[in-house]
Amino acid sequence: MSQIPTIKQVRAYTLKGGGADYHDQADGHWIDDHIATPMAKYPEYRQSRRSFGINVLGTLVVEIEDSAGNVGFAVTTGGEPAAYIVEKHLARFLEGAKVTDIERIWDQMYWSTLYYGRKGIVINTISGVDLALWDLLGKVRGEPVHQLLGGAVRDELQFYATGARPDLAQKMGFIGGKMPLHHGPAEGEEGLRRNLEELATMRERVGPDFWLMLDCWMSLDLNYATRLAQGAQEYGLKWIEEALPPDDYWGYAALKKNVPTGMLVTTGEHEATRWGFRQLLEMGCCDIIQPDVGWCGGITELLKISALADAHHALVIPHGSSVYSYHFVATRHNSPFAEFLMMAPKADEVVPMFHPQLLGEPVPVQGRMRLSALDKPGFGVELNPACELHRPYTH
Ligand SMILES: C[C@H](O)[C@H](O)[C@@H](O)[C@@H](O)C(=O)O
Ligand SMILES: [Mg+2]
């Protein structure tokens, strides 16, 4: 490459209504239908996650423009607070740097925010900037991100589906279906019975071989999770996901010992950085880690997390994250399949995960995606001009 472009400007925008903040859906969507959550102990916040504010943040859009006029971008959750962090704090580490300075920029973003960051929204924000940098580098080089990561190890990705209707996902060609758990410990024995009944009904519909999983979204305690796992064995539950709050590493280590032989424990979608995942892996908390590429530190950090997982014989199956995870999954032997979130309100058809924010967002066909669907420069998607961007801060 002759001259490496430098970064001219970083811009942060916000967007509402689905997309990267995929919990921000209208009434009647399966994703907001009486799902077990840590807030379900309060009856007034039990019926809907939007009632306690799951969708308050909205989407963060990061755009990075270089001296040659190339623009890289990414979307993640974080909304206005994240836009503030990008514009008022992180932009200084990018502007003037070379588009190839990704590792140094990540390091400066992480250590400069340490006193108020480490996890949560700050790492979401850093992830968004990091993904926009990889997108920009791909566009500068005219290569898809998976090629920048060392190249694909498979020609095709296969997917399981997350949604209320694994039976329909089976018909659509997915390799498995993960259902949200509907009742938490506050709904007592009756709730536990109903959880198991729902699983039993689904097992009956999909037959003995289709993977069925339960997503508990941090809502249980160790005792309940153990009883759920034991009761679910009869119905061939493949894995129990995010049963406990993310900080309860000790609980996860105990749960992994308590679940029936063969049942997997998975977690990590709300975990971040190599240090958080090191804790999960070294304490033997789970069989599969599920970093969200837009929340765990971006691709730069995910490569480190993934190497750690490999050394601990754990699979890395990223949570959601659309194209950002597809480009990563294609390059890793320890990521043999991927998640697809069914964003159709009734989970009855395949629609792009980050709809309506991205144009050209590929979707699985018959539960699979050819690598050729990921061959455009960067992450291969564009921002949908029909979505109205708002830039709340400038620097
Ligand atoms: C279905 C779950 O409750 C969440 O909404 C989902 O985002 C998730 O945890 C997942 O693993 O996809
Ligand atoms: Mg989950």
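These numbers come from a predicted model, not from an experiment. Order of appearance sets the numbers: ligands from 1, and atoms from 1 within every ligand.
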For Glu63 and Gln9: C-alpha separation, side-chain torsions, deciding distance, then whether side-chain contact (heavy atoms from CB on, under 4.5 Å) applies. CA-CA 8 Å; Glu63 257 185 9; Gln9 197 187 37; over 6 Å; no

Is the shortest side-chain heavy-atom distance between Leu15 and Gln357 below 4.5 Å? yes

Could you establish whether Glu241 and ligand 1 come within less than 4.0 Å of each other, counting only heavy atoms on the residue side? yes

Note, Met353 side chain near Tyr326 side chain (heavy atom, < 4.5 Å): yes

Nearest-contact summary for atom 8 (C) of ligand 1 - protein heavy atom, Å: Asp215 OD2, 3.1 Å

When you measure from atom 3 (O) of ligand 1 to every protein heavy atom, which one gives the shortest distance, and what is it? Arg49 NH1, 3.0 Å

ang(OE1 Glu269, the Mg ion (ligand 2), OD2 Asp215) rounded to 10° is 160°

Just let me know how His270 lines up against ligand 1, side chain, backbone, both or neither, with a heavy-atom cut-off below 4.0 Å. neither

Atom CZ of Phe52: over 12 foreign heavy atoms under 6.0 Å: yes

Counting heavy atoms only, which part of Glu269 comes closer than 4.0 Å to ligand 1: side chain, backbone, both or neither? side chain

Those atoms of ligand 1 less than 4.0 Å from some heavy atom in His23: 4 (C), 5 (O), 7 (O)

Which of the atoms of ligand 1 are close to Ile31, meaning less than 4.0 Å from one of its heavy atoms? 5 (O)

Where do Glu187 and Arg46 land on the side-chain contact (heavy atoms from CB on, under 4.5 Å) test, with the steps shown first? CA-CA 10 Å; Glu187 290 173 79; Arg46 197 172 286 166; 3.6 Å; yes

Answer yes or no for Lys178: is there a heavy-atom contact with ligand 1 below 4.0 Å? yes

Of the protein's non-hydrogen atoms, which lies at the shortest distance from atom 12 (O) of ligand 1, and what is that distance? Glu339 OE2, 2.5 Å

So do Arg118 and Val122 actually touch side chain to side chain, heavy atoms under 4.5 Å? no

Look at the aromatic rings of Tyr160 and Phe337 and report parallel, tilted or perpendicular, splitting at 30° and 60°. perpendicular

Can you check whether Tyr22 has an N/O within less than 3.5 Å of an N/O in ligand 1? yes

Per-atom contacts of ligand 1 with Thr162, taking only distances under 4.0 Å to non-hydrogen atoms: 12 (O)

His319 and its ring-ring contact (aromatic ring centres under 6.0 Å, His included) partner, picked from Tyr22, Tyr324, Phe340, Phe328: Tyr22

Heavy atom of Glu242 under 4.0 Å from ligand 1? no

Give the numbers and elements of all ligand 1 atoms closer than 4.0 Å to a heavy atom of Leu341. 12 (O)

Hey, which N, O or S atom on Glu241 ends up closest to the Mg ion (ligand 2)? OE2

Counting heavy atoms not belonging to Lys98, are there more than 12 under 6.0 Å from its NZ? no

What I'd like to find out is whether the side chain of Met172 reaches to under 4.5 Å of the side chain of Leu168, using heavy atoms alone. yes

